[in-house]
Amino acid sequence: MSEAKEQITQAAALALIAELFSEAPEGVVPEATRETLLGWDSMGTLLLMAELDERFGVSLDDAGLDEMESIGDIINFMGQQGIIVD
Amino acid sequence: MSKVLTTGARLAGVSSCVPAKVFDNQQDTTGFDPDEIKKVVAMAGIRQRKVADDSICSSDLCLKAAKNLLEDLQWEPSSIDALVMVTQTPDYFLPSSACLIHRDLGLSDHCASFDVGLGCSGYPYGLWLGAMMIQTGSAKRALILHGETPSRFTHPDDRATYLLFGDAGSATAIEASSSNEQWGFCLHSDGSGYSDLIIEGGGFRNRSPENDRDHFLNMHGANLFNFTVKRVPTLINDTLELTEKAVADVDAFIFHQSNKFIMHHIAKKCALPTAKVPIILDRFGNSGGPSVPLTLTQTYLDKQITEPQTLMLLGYGVGLSWSSALLQLHSDIRLNHCEL
């Protein structure tokens, strides 16, 4: 597992994603998808990438983005990068 | 060696030229969802673009810029020893666009004229070539042209690219000088990222692709974002270190106008004051490497330069390739801008 610059809880990660995607927190759950979240668009993706870079020192490439279909996929990625701790 | 200091050259003039035709992303775009357009415009910061129709090539834009500049400088064509055309949108595979411009400017047959196939990083690379030619005595006067028409290689159905690009050409005049002024250059490449910004068809790897989309730009945005945020801050710091300067010593950081969000992100990372990072892509679009000299003319054309201005010029993108130049604008520089 990679060592991120900062570590947060899963609940904090979901709240962060809600903020970046300009979505109500209650809608940002692991089952939510690109289709159900209007804020998960090109702007939201760029904001997420910038936050991952600046705050956590983590990069997300095109291949990784293509594989993300749900918020749960984003959370899994953040976990693999050592960002999320329980 | 990727970091070098040169002496013996002065920047005599910079001229830019853009197409007169304006494309308003929100008013003139059809086929995309209006809300999607609004989001792309907000993210990239591009409201309008200057776009060439099929009759205008990079060489046309550069030629007009060069003619204006030579007239302004009162340089005889026969006095020019080198002509470098930096472009990835040439008129033909062969001959070089530099040779076409050589013909149109009436340059001497003693003038070395050639193309350089670089895009986004092209301007600092072009200046470096000119500076090296001057320093070695290969040339007393060099014209560095940099032009692109990227709006002509984006597919109208591609939401990722169609709204981003504008077109521009430029001409920069460099000549030998007895001044000890140093210019600093940092030049880098990473070919492993070649496919992140690519036109796959039409070249000799695939002359006649079955898929027509292969004649148009394919961009991997996330990879380019990661490349930019990884490489450009280091580039800025390395250039400051090479030239023994601090952020406070630099009057303007002139970025390749790629994307407003990304430029702001990097400026914030490097603690660059917003006032020192001019942004023009809102009204010109991303014109690739020529966006650097275009930003230079747009920033300084209407200003009276009373003290030397220290500029850091930054190019990054296709290749992958990234580069910087640090030099000074003096009060005697000739600047102009026109439309075609």
Side-chain angles (χ1 to χ4, degrees), chain A residues 1-6 13 16-24 27-28 32-83, chain B residues 25-26 29 32-46 158-164 190 192-198 217-234 258-272 286 316-317 320:
Chain A
M1 187 183 296
S2 308
E3 192 64 36
K5 279 190 332 190
E6 183 185 335
L16 174 63
I17 294 169
E19 183 186 338
L20 294 171
F21 289 178
S22 297
E23 291 280 351
V28 180
T33 66
R34 290 175 190 266
E35 283 70 39
T36 61
L37 294 174
L38 290 179
W40 189 352
D41 53 15
S42 53
M43 183 69 185
T45 301
L46 198 58
L47 288 169
L48 174 65
M49 293 180 67
E51 188 76 6
L52 288 173
D53 167 61
E54 192 171 338
R55 187 169 166 189
F56 303 105
V58 165
S59 296
L60 177 56
D61 62 18
D62 274 288
L65 266 178
D66 287 343
E67 288 171 7
M68 287 180 181
E69 294 179 355
S70 69
I71 296 296
D73 292 334
I74 299 177
I75 295 295
N76 286 341
F77 171 81
M78 292 173 79
Q80 286 162 7
Q81 299 298 314
I83 295 172
Chain B
N25 272 345
Q26 291 190 258
T29 306
F32 297 149
D33 178 82
D35 286 336
E36 179 72 29
I37 295 170
K38 266 189 202 165
K39 288 179 181 178
V40 172
V41 169
M43 174 194 68
I46 300 168
D158 187 353
R159 291 181 311 174
T161 59
Y162 185 68
L163 299 176
L164 303 180
D190 179 6
S192 70
Y194 83 96
S195 62
D196 287 335
L197 204 55
I198 188 170
L217 184 68
N218 188 9
M219 184 174 82
H220 292 114
N223 292 352
L224 287 170
F225 173 84
N226 290 331
F227 153 73
T228 305
V229 299
K230 178 183 171 188
R231 299 294 195 179
V232 177
T234 305
S258 57
N259 174 299
K260 183 181 77 170
F261 180 88
I262 293 173
M263 289 164 62
H264 280 158
H265 183 69
I266 293 174
K268 189 174 158 194
K269 271 187 127 162
C270 298
L272 306 182
N286 174 354
Y316 47 94
L320 298 167

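The figures here come from the full heavy-atom set of this structure, side chains too, leaving out hydrogens, waters and symmetry mates.
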Please state whether the side chain, the backbone, both or neither of B:H265 comes within less than 4.5 Å of a heavy atom of chain A.
-> side chain
Against chain A, label B:K268 side chain, backbone, both or neither, depending on which of its atoms sit under 4.5 Å from a heavy atom there.
-> side chain
B:R231 atom CZ, over 12 foreign heavy atoms within 6.0 Å | yes
Check each atom of A:D41 against the heavy atoms of chain B and say whether the ones under 4.5 Å are side chain, backbone, both or neither.
-> side chain
dist B:D35:CG -> A:L38:CG (nearest 0.5 Å) comes out at 9.0 Å
Sorted by chain and number, sequence neighbours left out, side-chain hydrogen bond (donor to acceptor under 3.5 Å, both in side chains) with B:K269 holds for A:D53
Using atom types as modelled, flag every donor-acceptor pair under 3.5 Å from a side chain in residues 64-71 of chain A to any protein atom, sequence neighbours excluded.
from  : atom 1 : to    : atom 2 : distance (Å)
A:S70 : OG     : A:G72 : N      : 3.3
A:S70 : OG     : A:D73 : N      : 3.2
A:S70 : OG     : A:D73 : OD2    : 3.4

Honestly, the part of A:L52 sitting under 4.5 Å from a heavy atom of chain B is neither
Would you find a donor on one side and an acceptor on the other, under 3.5 Å apart, between the side chain of B:N226 and the backbone of A:L60?
-> yes
